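Below you'll find the structure, written out as structure tokens, and then a few comments.
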Amino acid sequence: MRMLAAGAVRLAYLLGLPAALIALWGAVTAGDRYLYYPPLDEIAAAFGETWFSARLADDVLPSLGRLAAGYSGAVLAGVALGVLLGSRPRLRALSEPALEFCRALPPPVLIPVLMLVAGIGDTMKITVIVTGAVWPVLLNTVQGVRSVDEILADTARCYGLTGAARLRRLVLPAASPAIVTGMRQALSIALILMVIGEMFASSSGLGFAIVQFQRGFAIPEMWSGIFLLGLVGFGLSLLFGLFESRVLGWYRGLRNARRGE
Amino acid sequence: MTTRARVSPPAALARRGRLEVEGLAKTYRGKRRTFEAVRDLTFTVEAGELACVVGPSGAGKTTLLRCIAGLLPPSAGAVRLGGEPVLAPPPGMAVVFQEYARSLFPWLTVAQNVELPLRQKKLPKAARHGLVERSLAAVGLADVPGAHPWQLSGGMQQRVAIARALAYEPDVLLMDEPFAAVDAQTRAELEDLTRSLWHELRMTVLFVTHDIDEAVYLGEQVLVLSASPTVVLDSVAVDLPARREQLATRALPRFAELRAEVFTLIQRAKTYHTAPPAGEARA
Ligand SMILES: Nc1ncnc2c1ncn2[C@@H]1O[C@H](COP(=O)(O)OP(=O)(O)OP(=O)(O)O)[C@@H](O)[C@H]1O
Ligand SMILES: [Mg+2]
């Protein structure tokens with residue numbers, strides 16, 4: 001009974017604010033007085049019609065595919081480069097200024113360039129995501145690799161952990177809290193860049209669809225696309241939370257144990 | 001009961017476990033300062049012997065140990081294990097660090113921590129599990145193999161580190177002030193554990209401590225180091241009975257004598273470089 005009540009309280013916390021916001025939207029737009037802010041039932045109707053249709057395969061899936069490809073590319077490249085730079089001080093010193101410069105470039109600015117080089121296809125869109133989302137992963141990995149505990153590294157050396165075994169059993173797990181932090185930041189960047197890439201020059205995708213609706217004055221449809229994007233982001237964040245608690249369960253325990261001292 | 005009057009270890013072990021330190025020196029060279037931590041250390045620990053190293057704080061005990069372990073290249077001199085020069089961490093050597101909390105892999109369980117070096121040794125699974133189980137039982141941790149290190153008390157964590165070193169079946173075990181951070185009761189238990197495991201397994205043990213009582217209680221030989229830049233002041237042979245017991249052994253008159261002897265040496269060690277005792281000509 002107590003647990004049930006606690007569950008209800010948690011659910012109320014989770015849904016309370018969204019419910020209030022939706023109610024507010026409903027109250028304000030009730031009389032259909034605003035062209036650009038249609039009432040909720042219209043948006044809801046448009047949502048069903050628009051997205052549970054051919055658009056699911058034509059726009060949503062391609063978007064998610066690009067996101068997945070770009071995001072995994074960014075994570076792989078970021079971790080690989082980060083491990084390399086994190087373990088070689090010379091190389092790091094050499095590449096630091098160039099990296100700082102590249103990181104400072106807003107990724108969308110590369111779109112015109114990439115359109116020239118890679119055309120307007122998926123390659124361009126995925127490259128945009130990779131070039132933007134790689135930085136938090138890269139920088140966090142470098143920092144994580146550098147901060148591997150000295151005593152732990154000595155212990156590993158004494159017990160013969162070298163080369164690939166060292167990477168797999170010492171460096172990557174030790175850096176994993178930092179890497180996961182970078183991956184979380186990269187996820188939201190990747191979502192943003194997915195949309196922007198599709199808004200530029202595209203014939204499919206969520207970003208493309210939203211711009212298309214806007215140009216065609218299909219306002220409820222446009223809003224439904226925006227809600228869908230929000231839901232995608234929210235769902236991904238939930239999934240990421242699950243992943244994080246699986247991978248970093250030990251880290252949370254360790255931190256709590258240290259705090260308890 | 002048989003006394004352990006210099007039972008010679010098996011021939012192979014005798015060759016492998018002998019630890020020789022010759023003219024060892026280490027000067028740390030930083031950007032702003034160079035620091036001569038260890039000046040000239042020469043000693044030998046015979047295979048199967050338990051030797052303790054005592055010295056004042058900052059005497060370079062950890063530096064010495066890291067050089068012996070092959071983790072730190074010496075500035076001069078050499079370390080030989082079983083006749084072979086030590087240039088990198090040699091197989092057959094296990095180390096227990098003072099900072100036990102930092103030497104256990106926090107993402108692994110207790111059993112996985114003990115098992116990891118054995119995987120590296122490419123032991124088959126069954127052999128690994130046998131060793132893990134036995135060494136955890138030997139340190140009294142048979143019931144927590146699935147726990148993570150940070151769920152254990154300090155004394156238990158240090159015992160995990162010891163179990164890991166034992167499971168590795170080393171020829172030489174190096175221990176750097178392993179019990180400095182645990183309470184007195186646990187410390188006494190761990191001392192007896194070290195002694196009995198050494199008794200059973202007959203490996204060479206080099207035990208670093210700053211505690212004189214501990215050195216005399218545990219060792220067959222106590223090496224006394226001077227303050228930095230470090231030299232060996234003297235080596236005291238401990239002729240106490242092989243079976244040691246916390247109360248009985250510490251109450252022996254001989255224990256008190258040895259303790260006093262080492263204590264006097266340490267007092268000299270502290271001022272060795274500033275005020276040489278009379279009669280000893282020093283340049
Ligand atoms: N990496 C380093 N760079 C420069 N100096 C160092 C370094 N490591 C140790 N030292 C210096 O060398 C001396 C010996 O240090 P070491 O840690 O070996 O002493 P110790 O005998 O283990 O001391 P303690 O009993 O406190 O553990 C100290 O004065 C220390 O400041
Ligand atoms: Mg030390």
Side-chain angles (χ1 to χ4, degrees), chain A residues 79 83 86-87 89-90 92-93 140-141 143-183 243-261, chain B residues 62 65-72 86-110 112-123 146-154 157 160-161 164-165 167-170 172-176 181:
Chain A
V79 170
V83 167
S87 39
R90 283 265 180 82
R92 187 166 64 241
N140 278 285
T141 305
Q143 183 247 322
V145 169
R146 284 179 68 183
S147 61
V148 174
D149 189 281
E150 244 175 83
I151 303 277
L152 206 56
D154 278 352
T155 306
R157 250 187 99 192
C158 283
Y159 288 121
L161 264 83
T162 51
R166 183 184 138 87
L167 183 67
R168 187 162 150 230
R169 305 204 182 271
L170 172 71
V171 177
L172 287 180
S176 63
I179 295 177
V180 170
T181 304
M183 282 171 66
F243 164 76
E244 188 172 353
S245 62
R246 273 202 73 135
V247 176
L248 293 188
W250 65 269
Y251 183 63
R252 196 164 321 131
L254 176 69
R255 245 183 0 193
N256 289 344
R258 286 212 176 129
R259 214 176 288 146
E261 274 171 11
Chain B
T62 299
L65 197 113
R66 284 169 51 85
C67 286
I68 293 176
L71 294 168
L72 192 67
V86 172
L87 303 171
M93 182 183 277
V95 183
V96 175
F97 291 94
Q98 178 176 352
E99 299 90 343
Y100 48 80
R102 286 169 59 196
S103 85
L104 297 173
F105 297 88
W107 50 88
L108 299 180
T109 63
V110 165
Q112 287 167 338
N113 260 286
V114 177
E115 192 186 359
L116 183 57
L118 308 180
R119 278 174 180 274
Q120 228 32 51
K121 263 183 159 181
K122 305 260 182 315
L123 289 185
H148 283 270
W150 35 266
Q151 292 170 316
L152 308 178
S153 71
Q157 291 181 25
V160 175
R164 179 171 60 186
Y168 197 58
E169 299 186 310
V172 179
L173 175 58
L174 307 179
M175 302 175 96
D176 187 7

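Treat the numbers as computed from the prediction; the structure is a model and nothing was measured. Within every chain, numbering begins at 1; the chains are lettered A, B, ... in the order of the sequence lines, protein sequences first and strands thereafter.
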Legend entry - Distance, nearest 0.5 Å, that separates CZ of B:Phe105 from CG of A:Asp149: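 Answer rounded to 0.5 Å: 10.0 Å.
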
Inset, instruction - Could you grab the distance from atom CZ of A:Arg169 to atom CD of B:Gln120, nearest 0.5 Å is fine? - result: 7.0 Å

Name the region of [X], side chain, backbone, both or neither, that has any atom closer than 4.5 Å to a heavy atom of chain A.
{"X": "B:Pro91", "answer": "neither"}
{"X": "B:Tyr168", "answer": "side chain"}
{"X": "B:Arg164", "answer": "both"}
{"X": "B:Ala101", "answer": "neither"}
{"X": "B:Glu99", "answer": "both"}
{"X": "B:Leu104", "answer": "backbone"}

Inset, instruction - Sort by residue number and list every member of residues 158-168 of chain A having a non-hydrogen atom under 4.5 Å from chain B. - result: A:Cys158, A:Tyr159, A:Gly160, A:Leu161, A:Ala165

Answer with side chain, backbone, both or neither: which region of [X] has an atom nearer than 4.5 Å to a non-hydrogen atom of chain B?
{"X": "A:Leu170", "answer": "both"}
{"X": "A:Ala153", "answer": "neither"}
{"X": "A:Asp154", "answer": "both"}

Legend entry - Residue selection (most heavy-atom pairs with chain A, distance under 4.5 Å) from B:Pro106, B:Ala94, B:Ala69: B:Pro106

Inset, instruction - Tell me, out of B:Ala161, B:Pro117, B:Ala165, B:Pro149, who's got the most heavy-atom pairs with chain A below 4.5 Å. - result: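 Heavy-atom pair counts peak at B:Pro117.
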
Inset, instruction - Measure across A:Trp250 and B:Trp150 and return the closest heavy-atom pair with its distance rounded to 0.1 Å. - result: O-CZ2, 3.3 Å

Inset, instruction - Give the minimum heavy-atom separation between A:Arg157 and B:Gly70, together with the two atoms involved. - result: NH2-O, 3.3 Å

